[in-house]
Amino acid sequence: MNAHRLIILAIIGLFIYSCGNKTKPQVEEVVSSEPQSVKEIVDTLRLEDKEEEIVREFAPPSPPTLKSTEVDDRDLQSQDELVSNKIIISVADVSCVSEAAVDINDIREHKVIVAESAPQERAFMVAESRYTPPVQRNEEYKGFVENKFRYAKDEPLSTFSIDVDAASYSNMRRFINQGNLPPNNSIRIEELINYFSYNYSEPKGSDPVNIMTEVGDCPWNEQHRLVKIGLKAKDIPSNNLPTSNFVFLVDVSGSMNGPTRLDLVKSSLKLLVNNLRAEDRIAIVVYAGAAGLVFPSTPGSDTQKIHDALDKLKAGGSTAGGAGIKLAYEVARKNYIKNGNNRIILCTDGDFNVGVSRNEDLQQMIEEERKSGVFLSILGYGMGNYKDSKMQTLAQAGNGNHAYIDNLQEANKVLVNEFGSTMHTVAKDVKLQIEFNPAKVQAYRLVGYESRLLNKEDFNDDTKDAGEMGAGHTVTAFYEVVPIGVETNVIGSVDPLKYQNEEPNKILTSLGKSAELLTVKLRYKQPSGDKSKKIEVTLTDRNRNSVSDDFRFAASVTMFGQLLKGSQYKGDASYDKIIALGKTALDNDPQGYRREFIRLVETTKGLASK
């Protein structure tokens with residue numbers, strides 16, 4: 001028994017001894033006062049670097065570094081404002097890149113509560129954003145097929161309505177000045193040509209329009225001839241212009257907000273108001289979600305009142321353009337001046353989206369309204385969502401004209417310098433019909449005017465609508481002509497007819513002995529008349545090239561339009577040739593518009609080479 005106890009005690013003692021030996025001994029930190037070698041210092045630093053790397057690997061990420069940004073003082077708010085219990089945002093404080101991002105109507109009806117938590121201390125910075133939203137390209141242009149060559153013996157008649165619009169030129173200029181080439185469908189060559197005034201002779205006698213013709217070499221195809229037909233409406237001194245009854249119809253929808261839209265509209269109309277007489281009258285109708293009369297018809301001498309009414313206009317809401325047009329016609333009829341100039345001036349980007357908004361429905365409505373004798377002028381504004389196709393529909397249906405206002409200088413040109421031609425019609429429903437002599441002309445092509453073509457029967461039909469000419473207006477049209485005997489590849493061919501005799505007509509052969517190249521016929525009506533009158537002139541080609549400065553300059557503009565459109569008939573046109581030809585015709589340029597054209601061509605040349 002005692003032996004067993006001794007054994008147990010021995011085992012316990014051995015166990016306690018072994019456990020005591022496994023306890024980790026304390027290590028005292030020893031600091032040496034002796035200098036370390038370079039190697040020892042380097043090894044120590046490497047060890048410390050490894051330890052820091054391990055710490056960084058497992059440490060939480062640090063907050064992003066704020067870049068230094070220029071701060072706009074207008075955006076700064078006090079600490080108390082930003083940490084208050086509630087921050088309320090007004091409509092004026094809300095902005096966004098996309099209209100879809102925030103419903104502005106919801107903001108107007110419900111105040112937005114940003115925070116309701118207890119105040120907290122926060123570090124903050126309010127910085128001005130340098131982000132520039134991408135330019136919206138939601139513009140609409142009507143497509144059309146370029147006029148082709150016609151055989152004179154098969155189709156000797158060419159009929160079209162005149163066009164005094166110039167919107168395509170200023171719109172093209174806007175694109176080029178922004179560093180972009182304009183869309184092909186935005187280029188209407190006749191409007192590029194007719195942006196400029198030409199030195200045509202005044203009408204004589206009782207007719208309000210004079211016809212002038214020229215023929216010379218075609219600068220983009222030396223085998224062809226180029227025929228220019230120019231019209232000049234009679235000038236009327238400003239003091240002798242009929243009394244005006246104007247209704248300003250202003251689009252104040254949300255899409256018109258901005259310096260190139262409603263702000264420019266107000267500045268433009270003020271230029272017009274400043275040149276009105278006491279006997280002239282002005283009313284202002286606006287439309288957004290609905291239409292309303294905001295300024296009743298008032299004498300033009302009340303300049304400050306009219307300015308104040310324009311200054312009060314603000315943009316916001318949807319676009320009930322059809323309702324606005326209808327109300328404007330009602331106001332114009334109510335204040336109608338017999339034998340006066342009764343006209344609506346519509347200022348819009350054309351982005352209609354409420355009520356009557358389809359082009360066809362608008363056209364039908366305006367064709368009915370124009371029977372009242374009220375004319376319609378369209379001033380287009382804005383960029384990115386500009387609806388050019390709708391503007392064209394409205395202007396053509398409303399016995400009016402269409403201009404695009406890209407800056408205040410263009411507004412001054414249209415509403416001040418060209419006030420009479422823009423706002424006072426001297427001849428309406430002006431049509432042209434050209435008959436070509438098949439003995440002299442193999443084929444011809446009308447350059448531009450694709451949207452103004454008429455059937456040959458429409459020329460004598462007084463119910464068919466056509467373009468209007470204002471006081472002092474000039475209109476120019478070009479025909480590219482392939483003379484008889486010239487081999488060309490611009491005209492297609494067909495097989496001989498099986499059931500018809502194609503032998504030369506004896507009557508045509510006898511007339512072919514005449515030197516006449518063509519005959520120009522024109523029909524017009526007085527502004528308040530319903531019956532047209534016809535005048536006509538003939539043109540003889542003597543195979544010379546002694547053409548006027550106006551001919552050369554207008555031909556250079558025509559070449560430019562064909563290059564921009566990528567015309568299949570541009571021949572050997574080039575930017576260098578356009579510039580060279582245009583520079584030979586800069587003498588008659590009091591406003592500098594022709595020199596500006598040369599600069600635009602030079603800029604376009606650089607853009608096209610990229």
Side-chain angles (χ1 to χ4, degrees), residues 99 104-105 136 138-141 165 167 170-171 174 246-273 282-295 306 309-332 343-359 361-363 365-366 369 374-395 397-398 400-408 410-411 414-415:
E99 291 181 358
I104 202 72
N105 293 320
Q136 182 188 12
N138 189 28
E139 303 190 351
E140 293 179 5
Y141 301 94
D165 297 343
S170 49
N171 190 37
R174 183 251 299 188
F246 288 133
V247 177
F248 293 166
L249 176 57
V250 183
D251 180 352
V252 294
S253 63
S255 65
M256 285 292 288
N257 187 41
T260 61
R261 294 173 173 83
L262 185 56
D263 292 348
L264 183 56
V265 168
K266 292 188 281 188
S267 300
S268 303
L269 294 179
K270 287 178 183 178
L271 292 176
L272 173 57
V273 170
I282 291 287
I284 303 176
V285 173
V286 300
Y287 65 89
L293 175 65
V294 298
F295 191 74
I306 303 171
L310 290 170
D311 286 334
K312 292 177 182 177
L313 301 182
K314 305 294 181 185
S318 53
T319 316
I325 292 172
K326 199 165 188 65
L327 178 59
Y329 272 106
E330 290 177 8
V331 173
R343 185 176 296 269
I344 297 169
I345 302 174
L346 170 59
C347 304
T348 180
D349 59 7
D351 193 8
F352 298 176
N353 52 33
V354 174
V356 180
S357 58
R358 293 174 62 249
N359 289 3
D361 296 336
L362 288 167
Q363 178 176 348
M365 180 181 69
I366 292 175
E369 294 284 0
V374 177
F375 293 82
L376 176 65
S377 291
I378 311 292
L379 302 182
Y381 292 83
M383 55 190 71
N385 66 328
Y386 182 62
K387 303 298 186 278
D388 177 86
S389 57
K390 197 176 298 293
M391 308 289 193
Q392 286 287 296
T393 298
L394 297 175
N401 43 48
H402 172 207
Y404 177 77
I405 309 299
D406 57 336
N407 54 49
L408 198 57
E410 183 65 15
V414 173
L415 298 176

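From a predicted model like this one, the values you see are computed outputs, not experimental measurements.
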*Interatomic distance, D388 atom CG to E139 atom CD [nearest 0.5 angstrom]*: 8.5 Å

_Given L313, L310, V285, V250, the one that forms side-chain contact (heavy atoms from CB on, under 4.5 Å) with V294_ = L313

*asked:* Quick check: do Y404 and R174 have side-chain heavy atoms less than 4.5 Å from each other?
replied: yes

*Could you state the interatomic distance from OG (S377) to CG (L394), rounded to the nearest 0.5 Å?*
12.0 Å

*asked:* Restricting to non-hydrogen atoms, name the atom on N401 and the atom on R343 that form the minimum distance, rounded to 0.1 Å.
replied: ND2-NH1, 4.3 Å

*Just wondering, are more than 12 heavy atoms of other shown residues or ligands nearer than 6.0 Å to NZ in K326?*
no

*For Y381, which of D251, L264, D263 qualifies under side-chain contact (heavy atoms from CB on, under 4.5 Å)?*
L264

*Any side-chain heavy atom of D406 within less than 4.5 Å of one from M383?*
no

*K266 versus D311, closest heavy-atom pair with distance*: NZ-O, 3.7 Å

*With the side chain counted from C-beta on, respond yes when V265 and I405 share a heavy-atom pair under 4.5 Å apart, and no when they do not.*
no

_Heavy-atom side-chain contact between K387 and N138 under 4.5 Å_ = yes

*What is the minimum heavy-atom distance between A288 and G316, and which atoms define it?*
CB-O, 3.4 Å

*Within the side chain of N257, is there an N or O that forms a donor-acceptor pair under 3.5 Å with the backbone of A315?*
no

*Minimum-distance pair of heavy atoms, taken over all atoms of L408 and S267*: CD1-CB, 3.7 Å

_Quick one, T393 and I366 - any side-chain contact, counting heavy atoms below 4.5 Å?_
no

*asked:* When you measure from the side chain of R261 to the backbone of D349, do you find a donor-acceptor pair of N or O atoms at a distance under 3.5 Å?
replied: no

*Quick one: does T348's side chain get under 4.5 Å of M391's, heavy atoms only?*
yes

_Given I282, L272, L249, V247, the one that forms side-chain contact (heavy atoms from CB on, under 4.5 Å) with I345_ = L272

_Quick check on the 6.0 Å ring-centre criterion: do F248 and F295 meet it?_
no

*Taking all non-hydrogen atoms of both residues into account, name the closest pair between G400 and D165 and its distance.*
O-OD1, 4.4 Å

*Can you check whether L269 reaches F246 side chain to side chain, under 4.5 Å on heavy atoms?*
no

*Euclidean distance, E369 CD relative to I325 CD1, rounded to 0.5 Å*: 9.5 Å

_Pairwise distance CG(L346) to CG(L379) - rounded to 0.5 angstrom_ = 8.0 Å

